[in-house]
There are 6 protein chains.
Amino acid sequence: MIKRALSRGNDELRQIELIPNYYPYAPGSCFVKFGKTHVICAATIEERVPLFLKNTKTGWINSEYGMLPCSCQDRTERESVKGKQSGRSVEIQRLIGRALRSIVDLSLLGERQIKVDCDVIQADGGTRTASITGAFVAVYLACQKLLKHGKILENPIVDHLVAISCGILRNTPLLDLDYSEDSNAEVDSNFVMSSDRIIEIQSCGERRPFSEEEFMQLLKYAQKAKCELIEKQKLALGIQ
Amino acid sequence: MIKRALSRGNDELRQIELIPNYYPYAPGSCFVKFGKTHVICAATIEERVPLFLKNTKTGWINSEYGMLPCSCQDRTERESVKGKQSGRSVEIQRLIGRALRSIVDLSLLGERQIKVDCDVIQADGGTRTASITGAFVAVYLACQKLLKHGKILENPIVDHLVAISCGILRNTPLLDLDYSEDSNAEVDSNFVMSSDRIIEIQSCGERRPFSEEEFMQLLKYAQKAKCELIEKQKLALGIQ
Amino acid sequence: MIKRALSRGNDELRQIELIPNYYPYAPGSCFVKFGKTHVICAATIEERVPLFLKNTKTGWINSEYGMLPCSCQDRTERESVKGKQSGRSVEIQRLIGRALRSIVDLSLLGERQIKVDCDVIQADGGTRTASITGAFVAVYLACQKLLKHGKILENPIVDHLVAISCGILRNTPLLDLDYSEDSNAEVDSNFVMSSDRIIEIQSCGERRPFSEEEFMQLLKYAQKAKCELIEKQKLALGIQ
Amino acid sequence: MIKRALSRGNDELRQIELIPNYYPYAPGSCFVKFGKTHVICAATIEERVPLFLKNTKTGWINSEYGMLPCSCQDRTERESVKGKQSGRSVEIQRLIGRALRSIVDLSLLGERQIKVDCDVIQADGGTRTASITGAFVAVYLACQKLLKHGKILENPIVDHLVAISCGILRNTPLLDLDYSEDSNAEVDSNFVMSSDRIIEIQSCGERRPFSEEEFMQLLKYAQKAKCELIEKQKLALGIQ
Amino acid sequence: MIKRALSRGNDELRQIELIPNYYPYAPGSCFVKFGKTHVICAATIEERVPLFLKNTKTGWINSEYGMLPCSCQDRTERESVKGKQSGRSVEIQRLIGRALRSIVDLSLLGERQIKVDCDVIQADGGTRTASITGAFVAVYLACQKLLKHGKILENPIVDHLVAISCGILRNTPLLDLDYSEDSNAEVDSNFVMSSDRIIEIQSCGERRPFSEEEFMQLLKYAQKAKCELIEKQKLALGIQ
Amino acid sequence: MIKRALSRGNDELRQIELIPNYYPYAPGSCFVKFGKTHVICAATIEERVPLFLKNTKTGWINSEYGMLPCSCQDRTERESVKGKQSGRSVEIQRLIGRALRSIVDLSLLGERQIKVDCDVIQADGGTRTASITGAFVAVYLACQKLLKHGKILENPIVDHLVAISCGILRNTPLLDLDYSEDSNAEVDSNFVMSSDRIIEIQSCGERRPFSEEEFMQLLKYAQKAKCELIEKQKLALGIQ
């Protein structure tokens with residue numbers, strides 16, 4: 001049996017906080033906390049799109065992800081000093097961008113781009129899923145601002161977007177792993193979800209292959225967490 | 001209903017070829033074809049390990065992935081000229097390395113590293129899954145050479161490793177998508193599998209979220225393909 | 001006459017906060033606020049020194065500086081994505097490192113290095129001087145930890161270290177400029193100071209040359225602020 | 001006396017193969033084999049020219065050269081991972097581009113550019129000369145396609161283009177050196193030639209200076225090989 | 001007491017030479033010598049401005065600084081081989097650019113840019129201040145050429161610009177330190193000055209903090225040197 | 001008929017100057033002038049060799065080449081700012097290194113490396129051949145210093161080394177082309193020579209192929225120039 005910090009149940013989330021409008025200037029921002037994992041998500045709007053969308057009246061959303069060098073237990077090298085982003089950072093920011101685009105009607109956004117910076121201030125496992133959950137709030141707020149200023153006429157956001165990590169540790173399925181759990185888990189899965197369907201699954205047998213049954217159990221935990229996270233988003237955004 | 005090239009069935013693989021020992025020098029190599037997707041996989045052995053494994057008597061396997069600039073329908077920029085690998089390349093080579101490590105007992109490998117180069121000569125969808133399927137053959141052959149030369153005493157390979165892509169195109173689940181299918185699919189999934197379990201799932205709703213039922217259908221197709229791919233590997237390796 | 005935000009006097013500091021031990025893991029850290037300028041300073045210890053100090057029994061202190069892309073009014077490009085630090089960042093981190101080294105007896109530190117990461121979460125003018133003032137606290141705490149663990153026997157910190165910006169706006173000397181003031185100032189000066197002397201002066205006539213008299217007035221303001229900042233540091237560190 | 005592999009005579013070429021139209025999509029391509037040296041040459045057309053040719057109604061041809069990491073006896077580091085092309089690669093691709101431009105009337109090409117990718121799949125000496133010989137075929141085919149589609153009205157190719165390496169090994173002049181010969185040769189020469197004249201000579205005394213007489217002998221061998229290579233090109237292209 | 005090379009007095013400059021029009025092509029150039037510190041300053045004119053000045057009818061001046069690898073006592077690594085400029089180079093070229101802009105009326109320059117290359121041929125301390133003093137001559141000459149060709153109607157240069165280093169060595173204030181002095185100095189100050197005011201101060205207690213009195217002494221030395229340097233510039237430019 | 005600047009004959013060199021010991025510190029240096037082409041060559045000694053020579057008791061010589069941005073008629077971009085050396089620079093420095101190694105007995109050099117920096121101060125054609133001719137003098141002087149300090153016991157230099165460019169302009173063979181000739185020449189050849197043989201030939205039909213007869217004429221001119229250049233080297237080095 002697994003004893004989790006703060007006597008948390010196996011299918012229980014850590015304490016989640018979504019603080020909207022963290023920044024005075026960025027059109028949308030959110031400080032998101034999953035326990036001791038803290039991420040600032042900030043959405044900015046650029047009135048231009050990538051080349052391949054020019055003259056298509058369609059918008060774009062992408063993301064950049066970074067960690068402060070001291071956000072982890074051991075200092076990681078600063079990516080700007082190394083001269084490039086790590087493969088892990090690139091992978092994560094591509095995931096965040098894909099996830100956001102899947103719940104936004106880009107044609108309603110007009111020929112502009114929303115860029116979401118997700119910067120990890122403190123890392124204790126699940127930074128990518130916290131980033132996605134917070135990025136949704138930042139993008140939602142940015143779209144509200146576009147609406148308010150008459151730049152767009154209809155809300156381009158068509159669904160909620162949350163993400164959560166699950167894993168198998170000593171053969172026990174767990175929800176929302178912290179760093180000490182995650183770094184020892186046999187299986188590590190990330191689920192990105194809309195209100196009623198799945199947007200992306202990344203499930204990896206880090207230390208051993210896994211069976212279909214095990215996978216289904218993780219998915220079940222994720223489905224449960226999804227509802228709670230959507231409630232938190234609604235609360236933060238003042239929508240019901 | 002979907003009409004596939006060469007009257008292929010929805011759950012049918014393209015023509016698979018695994019040509020072992022493609023290279024005269026590399027200790028293990030395999031030219032793998034999934035239809036018109038052609039990849040050269042070559043495994044080389046280095047008698048040193050990454051820093052974090054020094055003095056642990058444990059080995060390592062990693063991979064590098066690249067595409068020839070003219071392997072695609074439209075020429076892609078040469079990564080060495082751009083000065084860095086694309087995010088996509090980095091993502092894929094990390095996946096290949098992870099997959100290979102999951103079916104090798106690294107402690108039996110000794111303090112050495114196997115590096116697998118997967119170079120796409122021609123691309124028609126599914127290059128990452130073809131790479132993994134071919135990389136297994138290359139690594140297997142390299143380990144045979146280590147055994148033959150007395151460098152290791154026991155085969156460190158503990159299971160088969162294959163990978164296959166599935167997807168949903170116009171609401172129809174399909175196995176082993178070619179480029180024309182893949183670039184229009186709503187959902188794109190990659191399954192990495194050992195003989196009886198799952199090693200990694202990457203499933204992404206590129207154009208729309210997907211339901212649990214849809215996902216299970218894709219997984220079923222992958223399970224079916226797995227058996228055929230393992231047969232092909234056995235044939236290529238001359239094992240039963 | 002200049003009307004400053006919050007009816008601040010010309011020689012008055014913004015609200016200063018120094019929150020010690022912001023991070024759970026880093027041996028020393030400080031969240032520093034000069035009004036709406038917020039910086040996280042974190043000191044980590046590496047048990048090795050740069051090549052030129054090897055076998056000298058002497059330690060080293062250096063710094064890395066970065067800004068979150070959304071910390072400013074307008075998003076700045078992420079340095080890790082551009083592939084290098086800006087000239088401005090390099091300049092600032094060299095300044096911070098130099099300043100810290102000047103108040104530490106490096107021979108008492110032993111052959112180890114303290115690295116101070118200064119990451120600007122929110123920028124409203126004076127990020128380099130806030131960084132230095134906060135970095136002192138972080139380094140002080142890290143040295144306390146070294147003492148406590150018996151790694152060093154004597155406190156290597158020989159003096160206080162604070163920094164403050166002054167400037168001339170519409171011919172009026174001002175202390176501690178915020179961004180709206182700084183970006184319009186004719187003259188911009190940064191003073192780095194120990195308890196009774198000067199460590200570094202950077203004074204630049206951004207829009208016009210300045211006279212010796214004007215410079216002396218700025219220096220006088222800085223001297224006054226120095227005392228207040230040292231008091232804040234003492235308070236944060238619990239020393240008198 | 002030198003004993004060459006496969007009892008080859010000193011002035012004899014290895015087995016040469018030129019497989020035209022290797023790629024389904026690229027407008028011109030050729031898989032070229034000089035014995036165990038295998039190169040894929042692919043010509044693509046871009047409807048724009050480098051800046052310095054803008055509005056001159058003149059076209060351009062250039063080349064990029066690369067080797068698969070496992071193409072050599074010992075694995076070479078992947079250039080995209082190192083972050084730049086080696087000096088050798090840059091040197092070779094500049095040579096290939098220059099050679100091609102010298103036998104094409106660029107004004108007949110119109111304001112477009114032909115880029116020729118030469119990718120070495122397997123290397124056994126003479127990759128640059130095999131690349132040039134194959135690149136000619138790829139460019140010829142690309143120009144045929146331009147003619148066929150009415151993009152140009154006259155064939156811009158004004159002459160044949162072949163290249164061959166010669167060298168002096170243990171004081172014996174040799175034609176078309178393989179890797180084991182090349183890496184031990186005292187003198188190494190590359191000749192780029194049109195049907196009746198010389199386009200470029202690179203002759204280098206790698207291990208000792210050489211005399212005018214020795215050089216003339218190498219040139220004589222190259223002249224002889226030229227005729228055979230042009231015959232191979234005619235055959236591959238179906239021209240007489 | 002300090003014994004300086006060539007029996008130089010503490011407040012005495014080294015032998016200064018300003019050789020105008022060193023280059024045949026560059027519109028303005030100056031070979032400047034401060035003793036054994038030799039710098040070539042060359043000003044070139046580009047008929048375009050940085051993006052942020054487009055359509056503002058305002059010009060720009062910036063600078064690039066470099067050292068030949070063998071200009072110092074010990075060879076320094078070539079920055080183009082390392083792949084980037086050092087932090088020190090970036091810092092210095094930013095300083096030179098700022099200094100030049102402060103004595104030029106950029107609106108009189110029109111929408112064009114003057115770029116000043118300062119390349120250190122031989123370094124013996126004070127390369128940045130020699131660069132600024134020489135760069136003024138190069139820019140002055142370039143502006144004369146613009147006037148002569150009718151590109152501008154009024155001389156945009158509004159004041160002289162010189163720079164000088166001072167320092168404290170063994171508690172003795174010194175003017176214009178050579179390398180052997182500079183590398184041992186406790187305090188190192190650089191003063192950039194117009195004919196009657198200060199443009200920039202960089203004063204750094206490299207080995208110990210310094211007092212206000214010490215600083216004022218250095219400033220006094222700099223004021224004295226300023227007059228001599230301006231005389232040298234007038235002589236070189238043939239103006240009185 | 002060709003009218004050359006300063007009524008120079010077709011087979012006549014420009015005014016050649018070789019100023020030895022240009023630098024006070026570098027163990028060997030030479031300022032070389034071929035007319036208005038000026039290059040500083042400086043040889044420094046490092047007491048270590050590249051990895052592949054470790055423990056072989058054999059030395060190495062290599063070279064780095066650069067041009068000051070303003071050395072040409074039109075400013076060229078600074079390579080350190082671009083972040084890499086141009087292909088041309090890399091090609092030239094490889095040539096210089098190869099040439100130097102061919103006339104030095106590396107086993108007599110011991111396990112140390114001579115690095116020769118060739119920096120073009122002013123460029124008017126023939127910078128690579130001037131560099132080689134001057135680099136020989138720098139290396140010779142550096143070896144003298146090694147002998148004098150007892151680091152080596154025998155002079156490792158076994159022959160002279162000079163280089164010269166020839167070309168065909170308007171069908172006329174010319175020796176030692178200046179920039180205005182070179183940039184219009186049909187054929188451009190560089191000859192690197194020892195006292196009685198050839199070390200390297202680079203001959204390129206820039207605008208048209210060339211015949212064997214034309215090539216032999218260029219070689220004849222180069223042979224003639226060789227003698228004069230060796231005389232200049234002897235004079236500069238004070239040897240006969």
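Just the heavy atoms: all of them, side chains too, but no hydrogens, waters or symmetry mates, feed the values below. The chains referred to below are lettered A, B, ... by the order of the sequence lines, with proteins before strands, and numbering in each begins at 1.
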Out of [options], return the one with the most heavy atom pairs under 4.5 angstrom to chain A.
| options | value |
| --- | --- |
| C/C72, C/G66, C/S86, C/P69 | C/P69 |
| C/R78, C/E79, C/Q73 | C/R78 |
| C/A26, C/P24, C/C70, C/S89 | C/C70 |
| C/Q85, C/E46, C/R75 | C/R75 |

Region of [X] in contact with chain C, defined by heavy-atom distances below 4.5 Å:
| X | value |
| --- | --- |
| A/D117 | both |
| A/K115 | side chain |
| A/I40 | side chain |

| task | Would you mind telling me which of A/D74, A/I121, A/V90 has the largest number of heavy-atom pairs within less than 4.5 Å of chain C? | result |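 The option with the most such pairs is A/I121.
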
| field | Nearest non-hydrogen partners of C/E111 and C/L53, listed with the distance | value |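 Answer, listing the atom of C/E111 first, then C/L53: CD-O, 4.0 Å.
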
| query | So which heavy atom on C/S180 is nearest to which on C/D178, and how close? | reply | OG-OD1, 2.9 Å

| task | Identify whether the distance between the nearest side-chain nitrogen and carboxylate oxygen of C/E47 and C/R112 falls below 4.0 Å. | result | yes

| field | Check: A/S29 side chain, A/Y22 main-chain N or O, donor-acceptor pair, under 3.5 Å | value | yes

| request: For A/S71 and C/Y23, test the side chains for any donor-to-acceptor distance below 3.5 angstrom and give the result as yes or no. | output: no

| request: Please work out which of the three classes, parallel, tilted or perpendicular, describes the rings of A/F136 and A/H160, given edges at 30° and 60°. | output: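 Rings of A/H160 and A/F136: tilted, 30 to 60°.
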
